[in-house]
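Right, one structure below, let's go through it.
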Amino acid sequence: MKITKLEPIILHAPVTRGGIADSTHRLTHWGAPGVAIHTDEGQIGYGFSGTHAHLPTDRLIVDCIVDSYGPLLLGKDPREVRAIWEMLHNQPEISWVGRAGITHLALGAVDIALWDLKAKDLGLPLWRLLGGSASKRLEAYNTDGGWLNWPLETMVSDCKRLVEEEGYKAVKLKVGGPSSREDLRRVEAVRKALGPDIRIMTDANGRWTLPQAIQTARHLEDFDIVWIEEPIGFDDLDGHRRLAETISTPIALGEQLYMTAQFRDFIEAGAVHYVQPDVVRLAGITEFWQVADLAHCYELPVVPHVGDMCQVHQHVCFAHPACSLLEYIPWLRDWMEAPARIEAGFYVAPDEPGAGMTPSLRALAEINKA
Ligand code: 0YR
Ligand code: MG
């Protein structure tokens with residue numbers, strides 16, 4: 001099997017209620033700049049990054065995929081994905097300008113498309129190729145009820161609906177708003193509405209200073225929170241280490257870390273408890289697996305961030321022993337040929353061959369017109 005063509009794709013999917021916010025970002029669409037990799041056998045592999053749908057930057061990512069990585073991929077056998085990854089990752093001119101940022105996001109999308117091709121070639125869903133089991137219980141927690149721009153009443157009723165009607169047993173709430181007092185009021189209201197048995201995660205998206213984080217975390221202890229995510233700047237290793245030594249609520253992070261070596265440093269320093277790698281921030285499934293193995297060595301749970309809107313992550317989580325919980329955000333649901341399925345708060349192992357990011361025909365038609 002040989003790669004014959006790379007086709008750029010930029011997909012912008014509207015988010016819930018036309019716009020969401022966390023402490024740091026506001027967006028109306030989720031961006032999925034990526035690639036369709038064609039082969040001489042007619043099979044197409046799809047891989048996407050995950051962005052805040054900023055068209056000029058999305059174009060840089062797809063240009064990097066097609067112009068920088070494309071020539072290195074033509075004629076290669078996509079089934080040799082790990083060897084290809086090493087070759088691309090170590091390519092001197094490209095790695096000179098970035099083992100992070102745009103080149104790295106581009107490599108992630110390429111890697112996902114290659115694994116997609118390999119799995120499709122074997123006629124297997126990726127989780128099966130990776131050795132996973134359909135009987136594994138992979139729980140979903142839902143992030144889509146807890147945005148910072150939802151008024152308190154909306155957030156409470158959304159979270160209640162997710163729990164009472166959809167069967168989730170865990171939800172994530174955004175914090176890090178202008179007032180910590182208001183953050184605490186919102187968390188308290190959801191805790192009261194959901195009762196003691198539902199797990200609540202919080203995510204400050206890096207907004208707090210260290211003293212603010214210490215102070216707010218002390219108060220959050222009253223509400224039995226599973227974790228505080230990115231309490232301070234996402235790559236502040238020593239700050240997170242000091243925070244972890246000071247507060248009792250566990251720390252989750254990793255959605256903005258680009259490299260295995262960064263995860264190693266955070267894990268070794270004791271600065272992270274819930275490890276949150278992302279296949280679209282790391283250079284794809286290949287590097288995700290390295291990080292998940294690393295976390296597993298330290299007996300830390302891996303709870304990925306879903307920059308792919310959980311389509312690929314469900315596959316790696318059904319296969320990797322460090323994963324038993326995965327975020328759910330539904331924004332690509334109407335764009336994928338086989339959207340992730342959740343039943344009573346648990347993922348259903350997908351049957352479709354591939355890595356899970358094949359756009360629906362309708363989506364492809366719309367994208368190609370754009
Ligand atoms: C929206 N998940 C996150 C989204 C999300 C951000 O701004 O990008 O909230 O990545 O922190 O845990
Ligand atoms: Mg987060």
Side-chain angles (χ1 to χ4, degrees), residues 11-33 48-54 57-58 61 105 108 140-150 155 158-159 162 168 170-177 183 186-187 199-208 213 216-217 220 225-236 240 243 249-258 262-263 266 271-282 288 301-313 317 323 325-332 340:
L11 202 155
H12 285 175
V15 303
T16 306
R17 294 197 186 105
I20 63 92
D22 60 34
S23 69
T24 310
H25 314 102
R26 276 189 171 271
L27 37 145
T28 58
H29 290 74
W30 189 252
F48 294 94
S49 188
T51 69
H52 291 169
H54 182 247
T57 319
D58 287 358
I61 296 172
L105 300 177
Y141 79 85
N142 198 308
T143 297
D144 208 34
W147 301 110
L148 214 51
N149 59 323
W150 288 177
M155 187 182 64
D158 274 11
C159 289
L162 289 170
Y168 290 94
V171 295
K172 188 157 87 186
L173 308 179
K174 294 293 179 178
V175 292
D183 280 341
R186 288 164 67 88
V187 175
R199 279 162 295 143
I200 297 176
M201 293 78 167
T202 55
D203 186 355
N205 285 92
R207 186 41 85 192
W208 291 324
T216 313
L220 278 175
I225 297 304
V226 180
W227 72 57
I228 302 181
E229 184 170 321
E230 293 193 325
I232 56 178
F234 69 89
D235 58 355
D236 181 352
H240 281 102
L243 188 61
T249 303
I251 292 174
L253 57 81
E255 69 176 63
Q256 290 190 87
L257 300 182
Y258 283 95
Q262 289 177 301
F263 280 94
F266 269 86
V272 57
H273 303 105
Y274 289 91
V275 182
Q276 299 183 302
D278 191 320
V279 295
V280 307
R281 176 76 64 187
L282 292 161
F288 176 96
V302 173
V303 188
H305 174 255
V306 292
D308 66 323
M309 298 297 112
C310 55
Q311 292 293 118
V312 179
H313 283 104
C317 286
C323 305
L325 179 66
L326 178 61
E327 185 171 25
Y328 181 71
I329 305 178
W331 299 337
L332 289 186

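Atoms within each ligand, like the ligands themselves, are counted from 1 in listed order.
Looking only at side-chain heavy atoms (C-beta outward), W150 and I20 come within less than 4.5 Å of each other. Side chains of L243 and P231 form a contact here, defined as non-hydrogen atoms less than 4.5 Å apart. For the pair P277/L257, no side-chain contact is recorded, criterion being any heavy-atom separation below 4.5 Å from C-beta on. For the pair W208 and V175, the minimum side-chain heavy-atom distance is below 4.5 Å. Looking at H305 and E327, their side chains come closer than 4.5 Å, going by heavy atoms from C-beta outward.
Under 4.0 angstrom from ligand 1, there are no non-hydrogen atoms of Q276. Proximity of N205 to ligand 1, defined as any heavy-atom pair under 4.0 Å, is confined to the side chain (atoms from C-beta onward). Contact annotation for W331 and ligand 1: no heavy atom of the residue comes within less than 4.0 Å of the ligand.
Annotation for ligand 1: atoms under 4.0 Å from non-hydrogen atoms of W147 are 9 (O). Contact atoms of ligand 1 toward W30: 8 (O) (distance under 4.0 Å to a heavy atom of the residue). For ligand 1, the atoms sitting less than 4.0 Å from at least one non-hydrogen atom of H25 are 7 (O), numbered in the order shown with element in parentheses. Within the listing of ligand 1, atoms 2 (N), 3 (C), 5 (C), 10 (O), 11 (O), 12 (O) sit less than 4.0 angstrom from a heavy atom of E255. When each atom of ligand 1 is checked for a heavy atom of L27 under 4.0 Å away, the hits are 1 (C), 7 (O). Near K172, the atoms of ligand 1 lying under 4.0 angstrom from a non-hydrogen atom of the residue are 2 (N), 12 (O).
With 2.8 Å as the limit, E230 does not count as an N, O or S neighbour of the Mg ion (ligand 2). With 2.8 Å as the limit, E229 counts as an N, O or S neighbour of the Mg ion (ligand 2).
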What do the steps show when you test K174 against N205 for side-chain contact (heavy atoms from CB on, under 4.5 Å), and what is the final call?
-> CA-CA 8 Å; K174 294 293 179 178; N205 285 92; 2.9 Å; yes
After noting the C-alpha distance and the side-chain angles of D203 and T143, does the key distance pass the side-chain contact (heavy atoms from CB on, under 4.5 Å) rule?
-> CA-CA 10 Å; D203 186 355; T143 297; over 6 Å; no
Would you check, one step at a time, whether the test side-chain contact (heavy atoms from CB on, under 4.5 Å) holds for T202 with V187?
-> CA-CA 8 Å; T202 55; V187 175; 4.2 Å; yes
Start with the C-alpha distance between H52 and W30, add both sets of side-chain angles, then the distance that settles side-chain contact (heavy atoms from CB on, under 4.5 Å), and finish with yes or no.
-> CA-CA 5 Å; H52 291 169; W30 189 252; 3.3 Å; yes
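D158 and W147 share no donor-acceptor pair across their side chains, judged by distance under 3.5 Å alone.
Looking only at protein heavy atoms, the nearest one to atom 8 (O) of ligand 1 is H52 NE2, 2.7 Å. Nearest protein heavy-atom contact of atom 10 (O) of ligand 1 is H305 NE2, 2.6 Å. Here the protein heavy atom with the shortest distance to atom 6 (C) of ligand 1 is D22 OD2, 3.1 Å.
A perpendicular orientation is assigned to the rings of F288 and H313, their planes being inclined by more than 60° (bins at 30° and 60°). Between Y141 and W227, the ring-plane angle classifies as perpendicular under the 30° and 60° cut-offs.
Ligand 1 has K174 within reach: a non-hydrogen atom of the residue lies less than 4.0 Å from it. Heavy-atom distances between I20 and ligand 1 reach below 4.0 Å in at least one pair. Within the structure, ligand 1 lacks T143 among the residues with a heavy atom less than 4.0 angstrom away. Within the structure, ligand 1 has E327 among the residues with a heavy atom less than 4.0 angstrom away.
With the Mg ion (ligand 2) as the vertex, OD2 of D203 and OE1 of E255 span 170° to the nearest 10°.
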